[in-house]
Amino acid sequence: MGPHIIAIAIGLLVDRIIGDPPNWPHPVRWIGSLISKLTDWLNKGRARKEKGFLLVILVVGITFFSTVAILIGAYSIHIWVGIAVESILIASGLAQKSLKEAAMDVYKPLMAKDLPTARQKLSWIVGRDTEELDEKEITRGVVETVSENISDGITAPLFYAFLLAGAPGLWLYKAINTLDSMVGYKNEKYEKFGFAAAKLDDIANYIPSRLTGYIIMLWGKKESVLPFWERMKGWWLDAKKHPSPNSGYLEAATAYQLGIQLGGVNTYKGVVSNRALMGIGEVTLTPRHIVSTISHLNTAVFLFWLWMMVIGGILFVIT
């Protein structure tokens, strides 16, 4: 496990500093291409739900064992070649810098009162309609997206990297997450076929989302005047109101720590979706809360990594 721990630390640092260069080949694109081809083949005719389970088994299996094969080859050359290759694989599966940059790309035009540009930049990172949003709603979109993706994009991949021997575990999770993002929809085309992908993603994110939310509640930047136990109670109750079984634990943590209110009315291709409100709204959402949410990201990622290092070290000593 030692080399994998080193590779995780290096990969996390590389992602923080360099991120994802836009012209580099990215494994997620390859996974997405595999999913698209298999979906064209499988998502038709009868037994679509069963075929959806087959899709998950094929994509997750191919991704996991391909990563294992790459690392076996790299480590067979030299341990430091293996660590270098694994570090790159881990860095490419994390989203620290890209998530921060996406948030700041909306924050900057917001601060300049350039709402058309802010709406356009927001539309690149959210699924909701952005054409008519005002400053407060644009800010809400960014804060909710950053909060939710702290787990999806960073701490959950780290969790599975620690749990399942480094890069293979991380990319197993990324395969699950990519499957959900491509076929995990409740519509006529994917409701049955995407069932397995959506449920597996919910299960995979169950522990990381709650751990990450808990870290934010304990150590994230606090701007609320509510006492700690009131914030904790509100977080736990409001998180369960979210349509996702996991995302609410991140968004509610942000809402209660910053004293803001998230949720409300979203529209998706003109269809209105009423989301439950989280937080009590001690203050009005402003663009500065985007910066505070990025602070939560930094704190949560570092402490999550530290927790995993400590727990991993204890288990290594015990076993």
Side-chain angles (χ1 to χ4, degrees), residues 15-16 18-24 26-29 31-32 91-157 174 177-182 184-185 201 205 209 212 216 242-244 246-255 258 260 262-271 273 275 278 285-298 300-301:
D15 175 60
R16 184 180 181 88
I18 299 175
D20 290 322
N23 296 322
W24 282 24
H26 200 288
V28 166
R29 296 193 189 103
I31 295 171
S92 64
L94 301 174
Q96 290 176 94
K97 188 174 182 182
S98 59
L99 188 54
K100 292 176 195 175
E101 287 178 343
M104 293 305 292
D105 282 346
V106 183
Y107 172 78
K108 290 173 184 176
L110 268 181
M111 293 301 291
K113 304 300 180 183
D114 182 1
L115 293 188
T117 300
R119 292 182 187 118
Q120 180 188 36
K121 298 288 187 180
L122 178 64
S123 71
W124 296 353
I125 59 173
V126 300
R128 70 192 70 175
D129 301 335
T130 64
E131 294 84 359
E132 304 297 328
L133 300 184
D134 59 17
E135 181 182 275
K136 179 183 174 183
E137 287 300 301
I138 295 170
T139 299
R140 179 169 73 87
V142 179
V143 169
E144 289 176 352
T145 299
V146 172
S147 298
E148 176 180 348
N149 282 286
I150 295 172
S151 178
D152 283 1
I154 311 165
T155 58
K174 294 295 289 185
N177 194 242
T178 307
L179 278 161
D180 179 61
S181 69
M182 292 184 67
Y185 297 105
D201 186 71
N205 281 295
S209 64
T212 307
I216 293 171
H242 197 282
S244 163
N246 299 309
S247 298
Y249 290 89
L250 287 308
E251 293 183 24
T254 296
L258 299 183
I260 57 178
L262 299 176
V265 178
N266 298 335
T267 60
Y268 299 89
K269 296 181 180 179
V271 179
S273 173
R275 297 293 179 90
M278 290 176 284
L285 264 170
T286 64
R288 72 176 181 84
H289 290 114
I290 295 173
V291 178
S292 297
T293 307
I294 291 173
S295 171
H296 282 177
L297 184 156
N298 292 330
V301 171

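Below, each value reflects all heavy atoms present in this structure, side chains not excepted, and no hydrogens, waters or symmetry copies.
- No donor-acceptor pair under 3.5 Å is formed between the side chain of His296 and the backbone N or O of Ser147.
- Shown here for Asp134 and Glu137, the closest heavy-atom pair between the two residues is OD1-N, 2.9 Å.
- Using a 4.5 Å heavy-atom threshold, the side chains of Tyr107 and Val142 count as separate.
- The residues Glu144 and Arg275 are annotated as not salt-bridged, no charged nitrogen and carboxylate oxygen being separated by less than 4.0 angstrom.
- A side-chain donor-acceptor contact under 3.5 Å links Asp15 to the backbone of Gln96.
- Note: Leu262 CG to Glu148 CD = 11.5 Å, rounded to the nearest 0.5 Å.
- Here the CG atom belonging to Leu258 is positioned 8.5 Å from the OG atom belonging to Ser295, to the nearest 0.5 angstrom.
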Check step by step if side-chain contact (heavy atoms from CB on, under 4.5 Å) holds for Leu110 and Ile138. CA-CA 8 Å; Leu110 268 181; Ile138 295 170; 3.9 Å; yes

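- Atoms CG and CD, from Leu115 and Glu132 in turn, are 11.5 Å apart once rounded to the nearest 0.5 Å.
- The CD atom of Glu101 sits 10.0 Å away from the CD1 atom of Ile294 when rounded to the nearest 0.5 Å.
- Here the side chains of Asp201 and Leu179 are not in contact, with every heavy-atom distance at 4.5 Å or above.
- Residues Pro157 and Ser151 share a closest heavy-atom pair of CD-O, 3.5 Å.
- Rounding to the nearest 0.5 angstrom, the gap separating the CD1 atom in Ile150 from the OG atom in Ser247 is 11.5 Å.
- Looking only at side-chain heavy atoms (C-beta outward), Glu135 and Lys113 come within less than 4.5 Å of each other.
- The distance from atom CD1 of Ile125 to atom OG1 of Thr130, rounded to the nearest 0.5 Å, is 10.0 Å.
- Scanning both residues, Val146 and Leu99, for their nearest heavy atoms gives O-CD2, 3.9 Å.
- In this structure, Thr117 contributes its side chain and Asp114 its backbone to no donor-acceptor pair below 3.5 Å.
- In plain terms, the two heavy atoms of Asp105 and Lys121 that are nearest each other are O-CG, 3.5 Å.
- Side-chain contact check for Asn266 versus Val126: every heavy-atom pair is 4.5 Å or farther apart.
- The backbone N or O of Leu250 sits less than 3.5 Å from a side-chain atom of Thr254, completing a donor-acceptor pair.
- Across every non-hydrogen atom of Arg128 and Gly141, the tightest pair is NH1-CA, 3.5 Å.
- Applying the 6.0 Å contact sphere to CE of Met104 captures more than 12 heavy atoms from other residues, nucleotides or ligands.
- At distances below 3.5 Å, at least one donor-acceptor pair connects side-chain atoms of Ser181 with backbone N or O atoms of Thr178.
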Original post:
side-chain contact (heavy atoms from CB on, under 4.5 Å) between Leu94 and Val301: does it pass, once the steps are laid out?
Top reply: CA-CA 11 Å; Leu94 301 174; Val301 171; over 6 Å; no

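- Between the side chains of Thr212 and Thr155, at least one donor-acceptor pair of N or O atoms lies under 3.5 Å.
- Side chain of Ser273 to main chain of Thr267: no donor-acceptor pair is present (N/O by atom type, distance under 3.5 Å, no hydrogens or angles).
- Using a distance-only test at 3.5 Å, with no hydrogens or angles considered, a donor-acceptor pair links the side chain of Asp129 to the main chain of Lys269.
- Put simply, the side chain of Glu131 does not reach to within 4.5 Å of the side chain of Gln120, judged on heavy atoms.
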Please report the C-alpha distance between Asn205 and Asn177 in whole Å, then the side-chain angles of each, then the deciding distance to 0.1 Å, and finally whether the side-chain contact (heavy atoms from CB on, under 4.5 Å) criterion is met.
CA-CA 9 Å; Asn205 281 295; Asn177 194 242; 4.3 Å; yes

Using the rule given for salt bridge (Lys or Arg N to Asp or Glu O under 4.0 Å), can you reason through Glu251 versus Arg140, listing the C-alpha separation, both sets of side-chain angles and the distance that settles it, and then say yes or no?
CA-CA 10 Å; Glu251 293 183 24; Arg140 179 169 73 87; over 6 Å; no

Could you check Ile290 against Thr139 for side-chain contact (heavy atoms from CB on, under 4.5 Å), going step by step and ending with a plain yes or no?
CA-CA 7 Å; Ile290 295 173; Thr139 299; 4.1 Å; yes

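- When all heavy atoms are compared, the tightest approach of Gly248 to His242 is CA-CB, 3.6 Å.
- By the 6.0 Å contact criterion, NZ on Lys108 is open, its count of non-hydrogen atoms from other residues, nucleotides or ligands being 12 or less.
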